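Notes follow once the structure below has been shown.
Just follow the structure's listing: the first ligand is 1, and inside any ligand the first atom is 1. These figures come from a predicted structure and were not determined experimentally.
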Amino acid sequence: MTARIFVLNGPNLNLLGHRKPEIYGHTTLADIEAQLRARAEQLGMEIEFLQSNHEGTLVDEIQRARTEADAIIINPAAYTHTSVALHDALESAEKPVVEVHLSNIHRREEFRHHSFVSPQATAIIAGAGAYGYTMALEFLHQHLG
Ligand code: DQA
C-alpha cells in the first residue's frame with residue numbers, strides 16, 4: 001500500500017524565497033513542494049501538500065489526517081510557539097509526526113526555543129533548510145517500513 005503523507009505548512013511560509021532569505025533561504029514553498037513530490041515518487045509515496053495562515057485550517061487538516069494519512073510532516077511556523085490547539089490535534093491524530101523547521105530555532109530568539117508541537121513529534125528536524133522536508137520524508141519511508 002502506498003504511504004500517504006500530509007505535509008502541512010503554517011503562517012507566512014507562503015512568503016518563502018522573499019521573507020528573510022538570510023534566515024530561510026531563497027527556495028520558495030513551490031520549489032519545496034516540487035522537490036518533495038519528486039522524492040516521494042522515487043520512494044513510492046504519496047504526498048498532500050498544504051499551506052495555511054489560519055490555525056483552524058491547520059487543525060482541520062490534522063483531523064483529516066487522522067483518517068486519510070499515514071503520517072504528518074508539519075512546519076507549524078509561528079504557531080509552533082503558541083498553539084495548544086495544534087498540540088491537541090496532533091495528539092488526537094495518533095500518527096507519526098515529523099516537525100520541520102527551516103532554521104535552527106534554538107539558535108534564534110528565546111521565544112522560538114519552546115515548541116508546543118515537539119511533545120507530539122516522532123522526530124524533529126531544524127536548521128537543515130529546505131532539505132529538512134526531504135529528510136523528513138526519507139525518515140518516514142524508513143519508519144513506516
Ligand atoms: C520556522 C521557525 C519559526 O520560529 C518561524 O515563526 C517560522 C518558520 C522555520 O521554518 O524555521 O515562521 O518554523
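Residue-level proximity to ligand 1 for Lys20 is absent, since no heavy atom of it falls below 4.0 angstrom. At a heavy-atom cutoff of 4.0 Å, ligand 1 is contacted by both the backbone and the side chain of His101. With a 4.0 Å heavy-atom cut-off, ligand 1 is reached by no atom of Asn12. Contacts between Ile105 and ligand 1 below 4.0 angstrom, taking non-hydrogen atoms only, involve the side chain exclusively.
Distances from ligand 1 to the non-hydrogen atoms of Arg19 include at least one value under 4.0 Å.
Between the Gln51 side chain and the Gly10 main chain, a donor and an acceptor come within less than 3.5 Å of each other. A side-chain donor-acceptor contact under 3.5 Å links Asp31 to the backbone of Thr28.
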I'd like to know whether Arg37 forms a salt bridge (Lys or Arg N to Asp or Glu O under 4.0 Å) with Glu46, so could you lay out the CA-CA distance, the side-chain angles of the two residues, the decisive distance to 0.1 Å, and finally the verdict. CA-CA 8 Å; Arg37 284 199 185 286; Glu46 209 178 280; over 6 Å; no
- Message: Apply side-chain contact (heavy atoms from CB on, under 4.5 Å) to residues Tyr133 and Glu33 and explain how you reach the verdict.
- Response: CA-CA 9 Å; Tyr133 287 80; Glu33 180 175 356; over 6 Å; no
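By the 30° and 60° cut-offs, the orientation of the rings of Phe111 relative to His81 is perpendicular.
The pair Glu61-Arg66 does not meet the salt-bridge criterion, since no charged nitrogen lies less than 4.0 angstrom from a carboxylate oxygen.
Scanning all protein heavy atoms for the shortest distance to atom 9 (C) of ligand 1 gives Leu102 N, 3.4 Å. Among all protein heavy atoms, the one lying closest to atom 11 (O) of ligand 1 is Ser103 OG, 2.6 Å. When only non-hydrogen protein atoms are considered, atom 7 (C) of ligand 1 lies nearest to Tyr24 OH, 3.4 Å. If you check which protein heavy atom lies closest to atom 5 (C) of ligand 1, you get Arg112 NH1, 3.3 Å.
Between Thr134 atom OG1 and Ile32 atom CD1 the span is 8.5 Å, to the nearest 0.5 Å.
For the side chain to side chain contact (heavy atoms under 4.5 Å, CB included) with Glu99, the qualifying choice from Thr80, Ile73, Thr122 is Thr80, the only one to do so.
Residue His81 has at least one heavy-atom neighbour below 4.0 Å for each of these atoms of ligand 1: 3 (C), 4 (O).
Checked by distance only, ligand 1 and Ala78 come closer than 3.5 Å through their nitrogen or oxygen atoms.
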